[in-house]
Amino acid sequence: MNALTLVHLYPREMNIYGDTGNVVVLKRRLEWRHRPVRVVPVSVGDPLPHDVDILLGGGGQDAAQGEIGADFAARGAELRAMADDGVVMLTICGTYQMLGHEFITQDGDHIKGVGVLDVITRGQHERLIGNNYVDTPEAGRLVGYENHSGLTELGPGVVPLGRTQAGRGNNGSDRTEGAVQGNIIGTYMHGSLLPKNPHLADHIIGRAIRRRGGASLSHLDDSAELAAHDWILKRAQRR
Ligand code: GLN
């Protein structure tokens with residue numbers, strides 16, 4: 001059984017609120033099922049491997065997004081080809097914004113996106129901050145933490161990941177959270193997200209394995225993860 005390849009984009013620059021935890025969770029859940037997995041960190045100037053199964057990107061301050069902006073934009077054609085080929089992607093906040101068409105920061109800087117997701121983001125001075133929970137048609141109820149200045153508008157090419165319940169979500173007005181387009185997920189939920197949402201982790205792994213023609217996943221005991229999920233849910237519901 002060939003190893004699944006997980007790419008971790010910009011692990012140094014785009015890693016706030018513990019987003020690297022998403023990489024650790026996917027790697028562990030595959031290893032617990034005795035499935036070989038390799039994690040490939042890709043930073044500025046590094047080539048993307050050819051056999052990517054899952055691509056992960058975290059959040060970052062406006063300055064960090066500016067730092068990696070040119071390198072990220074230069075990967076546009078490759079990332080769009082990977083998206084068309086069904087590579088599974090989970091992108092959090094800053095990377096989610098840059099997977100879209102553009103992020104215009106609160107200072108008016110235009111950070112070019114790669115147009116993989118049909119979304120556009122405009123920054124503003126008030127930050128959208130706090131615990132959140134989101135009900136999603138694909139992966140049930142998710143809990144997480146948001147902290148962003150960007151307000152994201154969804155285009156017709158995407159559907160929301162879900163409906164925000166306690167937090168502000170994409171833009172604080174239309175109650176949507178995140179975006180989904182085929183095997184690509186964008187969300188504002190940090191935390192990190194996957195340790196407290198094992199059902200989403202398996203949703204992502206399941207899609208990658210099915211893309212490789214693989215079968216279903218064996219069950220794992222997620223009692224600890226779900227206890228953490230419930231704990232954060234209660235905090236978010238108290239907001
Ligand atoms: N810098 C972006 C914003 O403020 C993304 C923030 C983040 O990744 N948490 O909206």
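Just follow the structure's listing: the first ligand is 1, and inside any ligand the first atom is 1. Side-chain atoms are counted along with the backbone in the values below, which use heavy atoms only and exclude waters and symmetry mates.
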Handout entry: Under 4.0 Å from ligand 1 - residues by heavy atom, chain and number
Key =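 Around ligand 1, where the cutoff is 4.0 Å for heavy atoms, the contacting residues are Ile16, Gly59, Gly60, Gln61, Asp62, Gln65, Cys93, Gly94, Gln97, Arg127, Asn147, His148, Ser149, Gly150, His190.
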Exercise for the section: Could you tell me whether a side-chain N or O of Tyr10 sits under 3.5 Å from a main-chain N or O of Phe72, the two making a donor and an acceptor? Expected result: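 Yes; at least one donor-acceptor contact below 3.5 Å.
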Sidechain N-carboxylate O distance under 4.0 Å for [X], [Y]:
{"X": "Asp135", "Y": "Arg141", "result": "yes"}
{"X": "Asp51", "Y": "Arg38", "result": "yes"}
{"X": "Asp71", "Y": "Arg75", "result": "yes"}

Fill in the blank from the handout: dist Glu146:CD -> Asn131:CG (nearest 0.5 Å) comes out at 9.0 Å
Handout entry: Any donor-acceptor N or O pair under 3.5 Å, side chains Gln97, Tyr188
Key =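 The answer is yes; a qualifying pair exists.
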